[in-house]
Every structure is written in structure tokens, then in C-alpha cells.
Amino acid sequence: MSPSACKNLPLEIIEAIILPLLPPKSLARFKSVSKTWNSLISSPHFIKTHLLQTHHTTQLIALSTTGSLYSIDVTETRPRLDRDDIPATAKELRIRSPPLRWKEILGSCNGLLLAKDENNTMFVMNPMTQDLWKVPLCPFAPVYEEYEEVYVRYGFGYDLSTDDYKIVSISFWNPYSYHDSKETFVCVYSLRNNSWRKLPDCNYYEHDYTVVDDVINGAVVNQSLHWLTRQFEIVGFNLASEEFKQMKFPVLVGFYRGLFTSMVDVGGKLGVFMRSEAGFKCCVMEEYGVAESWTKVRIHGFEEEDRVWPVCLLQGRNREIVFQETEGRVAVYNIDERRRRDVRIMGGPCGNVIVFGGTFVESLESPKRVMIAS
């Protein structure tokens with residue numbers, strides 16, 4: 001239905017029935033129809049309603065060595081029987097003019113990205129709507145000093161109980177540095193309150209929950225962020241209660257210190273991807289929090305020396321996993337066929353390696369909506 005045809009309909013019908021069903025890109029264009037439509041589509045109530053009711057397209061988010069952001073529509077990756085590769089289109093996402101140069105993608109949730117620019121300034125942004133919010137520096141985290149390296153791990157997620165987006169930072173000094181302190185700093189940033197808090201007397205400090213180096217950012221499953229620890233256990237941080245919970249690693253794998261691992265959201269379930277001497281495998285917790293519910297899937301088609309890790313499942317196809325390889329290569333693995341296909345990315349940065357920072361969905365969500373509601 002065209003904007004001109006919708007003009008003759010009662011505003012109540014447009015707001016309640018028609019607009020919530022439209023994709024975010026169409027709604028962004030419809031803002032220019034009239035001041036009334038712009039006000040309606042931009043309202044915090046409509047943005048939240050649209051986020052909860054509408055089916056959103058999942059896309060890969062990638063970062064080039066030149067600091068540019070790219071999206072890749074993974075729904076386009078429909079394999080052809082006569083080809084071993086899969087075509088997909090990359091589109092550059094320009095935030096601001098002149099555009100910022102991005103350094104690292106730290107997390108994604110409901111269409112919002114958490115990222116650092118080349119100056120290590122952290123932002124929460126919506127690449128589709130161009131909304132951008134600068135996150136203040138955490139006043140509680142340890143400060144980098146010469147010869148005393150500080151490790152920081154992040155998590156970014158949505159707290160449904162308070163309608164708030166939270167950033168969790170876990171920072172600690174390099175255990176092999178000259179620094180005497182072994183303290184781990186767990187801090188939480190609330191977008192709604194625009195402030196950082198250091199968690200006091202957190203049960204994190206009662207155990208050696210130091211996050212392993214390979215796992216940089218937490219995987220969000222069941223309203224909780226998850227990391228692997230040096231004790232080879234899974235630790236979950238509940239975004240609502242802001243408490244840590246310890247979970248056992250799946251016993252059906254021979255886990256040892258030389259194992260490369262990665263936490264991943266497997267269609268809403270907690271997954272652990274690993275590489276061992278026996279090859280690649282992915283363990284999935286079928287029932288959250290139940291140690292006996294782990295299942296194992298072997299991954300074929302990759303060489304033993306390959307460094308690969310899962311990015312996401314293809315939307316609507318829970319038996320196909322998107323993997324990133326070194327130097328920006330991407331592959332899709334079909335579990336049932338035990339077949340790997342390379343993804344041929346078109347329109348991406350020529351001559352530049354791209355690193356994938358996970359996925360995001362196109363939405364109208366805005367950092368300002370949460371702050372206005374406070």
C-alpha cells in the first residue's frame with residue numbers, strides 16, 4: 001500500500017494495524033510523508049511496539065581494516081545446487097558525516113550496536129536510523145599503565161524488567177604483569193540512567209571467574225550474558241538481577257587448556273564451539289541451566305589448522321551455521337548435509353580484510369527512546 005493511499009485511512013487503523021507490520025526501512029522513508037507520520041513513527045511507544053511485534057531481518061555486521069562498517073544480508077545466501085559458493089551482498093553503513101572510523105564491535109541487541117571508534121570512544125548506535133549515543137568513560141575500571149596491561153571484556157544486552165540496555169565490563173590486570181593487585185572490576189552501565197556502577201560484594205569475586213582471553217564479548221541467551229573462565233566453566237550474568245551464575249562445561253567433550261573455544265547463541269540456545277585434536281564440534285544446551293541437556297554436533301569441511309568460529313544461524317534455517325574464517329572469509333555449514341560452502345561477498349571493501357562482529361537486526365530502536373522513558 002502506498003503512502004498516498006494510507007493518508008485516507010483513520011490514523012488509529014494506520015497506527016494499530018498497518019505500520020507495525022512494515023519493515024524498518026519502509027517506515028524510515030514514510031517519516032517524510034507528513035509531520036503527523038514522522039511524530040508517530042518516531043514516538044517511543046511506537047518504536048517499542050514495532051520492535052516486539054515485527055519480524056526483523058538478521059544481518060551480519062562486519063568491520064573493514066579501514067574502519068568502515070558493512071552489513072551483509074544473510075537471508076540472501078540461498079545456495080544453488082550447481083555451485084559450491086553462495087553469493088551475498090555487502091553494504092557500507094555510514095554513521096555521521098564525515099563518517100567515524102570504527103575499531104571494534106563489542107555487541108549487538110535489538111538493532112543497536114555497541115562499538116568503539118579509533119579513539120577508543122564507545123558508542124551505542126542504530127546503523128539503520130543513524131541514531132548515535134556516546135557512552136561516558138567508566139570511572140571505576142583500572143587505568144592502563146606502562147608495562148601493566150589491562151584486559152577488558154564486554155557484554156551488551158537488554159533488561160526486559162526495566163526496559164533498559166546495559167553494558168557490562170569485566171576488567172583486570174594481566175596476571176603476568178608487575179601489578180600487585182589481582183582484583184577484578186565488574187561494572188555496569190545503564191543507558192536509561194546514563195551512568196556506570198561498580199558492583200559491590202559481587203559473587204564474581206568469590207571464584208576465579210577471570211575471563212579467558214579468546215572470548216572477548218559475552219553471548220546473550222535467556223536474558224543473561226555468558227563467558228568462559230580460566231577454570232573452564234561457564235559464567236552467566238543475569239541482566240535483571242545483576243548476579244553471576246556458574247554453569248558446568250559439557251562433560252561430553254574432552255576440554256583442555258589448548259582448546260580454542262567460543263560462546264555463541266544457537267537459535268536462542270547457549271552453544272559452545274570448540275576445536276580439539278578430534279576436530280571441530282559445537283555443543284548446545286537444549287534446556288537452559290540443565291547440565292544434562294548438552295548435545296554435540298560435529299563440524300566437517302574445515303582443516304585442522306583452520307581458525308574458524310561461528311557467527312550465527314541462517315534465519316529460518318536452524319541447521320545451517322555461518323562461520324567466519326581468518327582474513328575475513330565466510331562459510332556456511334549445513335549440519336544435515338555435512339557440507340561447507342564458501343560465501344562470495346559482493347560489494348565489500350576491495351583489498352581490505354573484514355572482521356565480523358556478529359549479527360544485528362534492522363529496527364527503529366533508539367538509545368534516546370530508553371532515555372526519554374526514564
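Quantities reported herein were computed from a predicted structural model and do not represent experimental measurements. One is the number of the first residue; the rest follow in order along the sequence.
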Requested in this report: State the CG-NZ distance between Leu69 and Lys91, to the nearest 0.5 angstrom.
Outcome: 15.5 Å
Query raised in the report: Listed by chain and number, what are the side-chain contact (heavy atoms from CB on, under 4.5 Å) partners of Ser195, not counting sequence neighbours?
Result: Asn193
Requested in this report: Dump the intermediate steps for side chain to side chain contact (heavy atoms under 4.5 Å, CB included) on Met122 and Leu106, then the final yes or no.
Outcome: CA-CA 9 Å; Met122 198 152 46; Leu106 303 173; 3.5 Å; yes
Requested in this report: Indicate yes or no for a side-chain donor-acceptor contact from Asn334 to the backbone of Arg338 under 3.5 Å, with no hydrogens or angles considered.
Outcome: no
Query - Residue pair Val370, Arg192: steps toward the side chain to side chain contact (heavy atoms under 4.5 Å, CB included) verdict - result: CA-CA 5 Å; Val370 176; Arg192 176 180 286 270; 3.8 Å; yes
Query raised in the report: What's the shortest heavy-atom distance between Asn126 and Leu364, and which atoms?
Result: ND2-C, 3.9 Å
Report summary line: Shortest non-hydrogen pair, Pro24 vs His50, comes out as CG-CE1, 3.9 Å
Report task. Answer yes or no: is there a donor N or O on one side and an acceptor on the other, between the side chain of Ser42 and the main chain of Asn38, under 3.5 Å? Result -> yes
Report summary line: Here the gap from Ser169 atom OG to Lys198 atom NZ, rounded to the nearest 0.5 Å, amounts to 10.5 Å
Query - Gap between atom CG of Leu191 and atom CZ of Arg369 - 0.5 Å precision - result: 9.5 Å
Query raised in the report: Are Glu242 and Arg197 close enough that some pair of their side-chain heavy atoms sits under 4.5 Å apart?
Result: yes
**Report entry** Interatomic distance, Met128 atom CE to Asp131 atom CG [nearest 0.5 angstrom]
**Finding:** 9.0 Å
Requested in this report: Measure across Leu40 and Ser43 and return the closest heavy-atom pair with its distance rounded to 0.1 Å.
Outcome: O-OG, 2.8 Å
Requested in this report: List the steps, then state whether side chain to side chain contact (heavy atoms under 4.5 Å, CB included) holds for Val188 with Leu199.
Outcome: CA-CA 7 Å; Val188 178; Leu199 298 188; 4.0 Å; yes
Requested in this report: Return the set of residues passing side chain to side chain donor-acceptor pair (under 3.5 Å) with Asp159 (not counting sequence neighbours), or none when no residue passes.
Outcome: Ser161, Thr162, Lys166
Report summary line: Here the pair of heavy atoms bringing Ile345 nearest to Ala90 is CG2-CB, 3.7 Å
Query - Passing candidate, ring-ring contact (aromatic ring centres under 6.0 Å, His included) with Phe237, options Trp227, Tyr154, Phe244 - result: Phe244
Query - Where Trp294 and Cys283 come nearest, the two heavy atoms and their spacing - result: CZ3-O, 3.5 Å
Query raised in the report: Just wondering, do Pro367 and Tyr165 contact through their side chains at under 4.5 Å, heavy atoms?
Result: no
**Report entry** Aromatic ring proximity, centroids under 6.0 angstrom, Phe323 and Phe273
**Finding:** yes
Query raised in the report: Stepwise, does the salt bridge (charged side-chain N to carboxylate O under 4.0 Å, His left out) test hold for Glu287 with Lys269?
Result: CA-CA 8 Å; Glu287 186 176 350; Lys269 298 177 182 179; over 6 Å; no
Query - Side-chain touch Asn238/Lys245, heavy atoms, less than 4.5 angstrom - result: no
Report summary line: Hits for side chain to side chain donor-acceptor pair (under 3.5 Å) against Lys103, two or more places apart or cross-chain, chain-then-number order -> Asn120
Query - side chain to side chain contact (heavy atoms under 4.5 Å, CB included) evaluation trace for Phe30 with Leu22 - result: CA-CA 10 Å; Phe30 283 7; Leu22 297 178; 3.6 Å; yes
Query raised in the report: Do the non-hydrogen side-chain atoms of Ile321 and Val332 ever get within less than 4.5 Å of each other?
Result: no
Query raised in the report: With a 4.5 Å limit on heavy-atom distance, are the side chains of Leu93 and Ile61 in contact?
Result: yes
Query raised in the report: Do Ser224 and Leu239 have side-chain heavy atoms sitting under 4.5 Å apart?
Result: no
Requested in this report: Output the distance between atom OG (Ser32) and atom CD1 (Ile41), rounded to the nearest 0.5 Å.
Outcome: 9.0 Å
Query raised in the report: How would you list, by chain and number, every residue that makes a side chain to side chain donor-acceptor pair (under 3.5 Å) with Tyr333, sequence neighbours excluded?
Result: none
Query - From Leu132 atom CG to Thr129 atom OG1, the distance as rounded to the nearest 0.5 Å - result: 9.5 Å
Query - Contact check, side chains of Leu112 and Phe360, non-hydrogen atoms, under 4.5 Å - result: no
Report summary line: Here the pair of heavy atoms bringing Ser293 nearest to Met285 is OG-CG, 3.5 Å
Report summary line: For residues 108-142, the ring-ring contact (aromatic ring centres under 6.0 Å, His included) pairs (sequence neighbours left out) are Trp102-Phe123
Query raised in the report: Looking just at side-chain N and O atoms, do Asp164 and Ser190 make a donor-acceptor pair shorter than 3.5 Å?
Result: yes
Query raised in the report: Distance only, no hydrogens: is a donor on one side chain within 3.5 Å (strictly under) of an acceptor on the other, for Tyr158 and Asp163?
Result: yes
Report task. Check the side chains of Thr66 and Ser64 for a donor-acceptor pair under 3.5 angstrom, ignoring hydrogens and angles. Result -> yes
Query raised in the report: Are His226 and Tyr288 an aromatic pair by the rule of ring centers under 6.0 Å?
Result: yes
Query raised in the report: side-chain contact (heavy atoms from CB on, under 4.5 Å) with Arg94: which residues, sequence neighbours excluded?
Result: Glu92, Pro99
Report task. May I ask you to test the Asn194-Tyr189 pair for a side-chain heavy-atom distance under 4.5 Å? Result -> yes
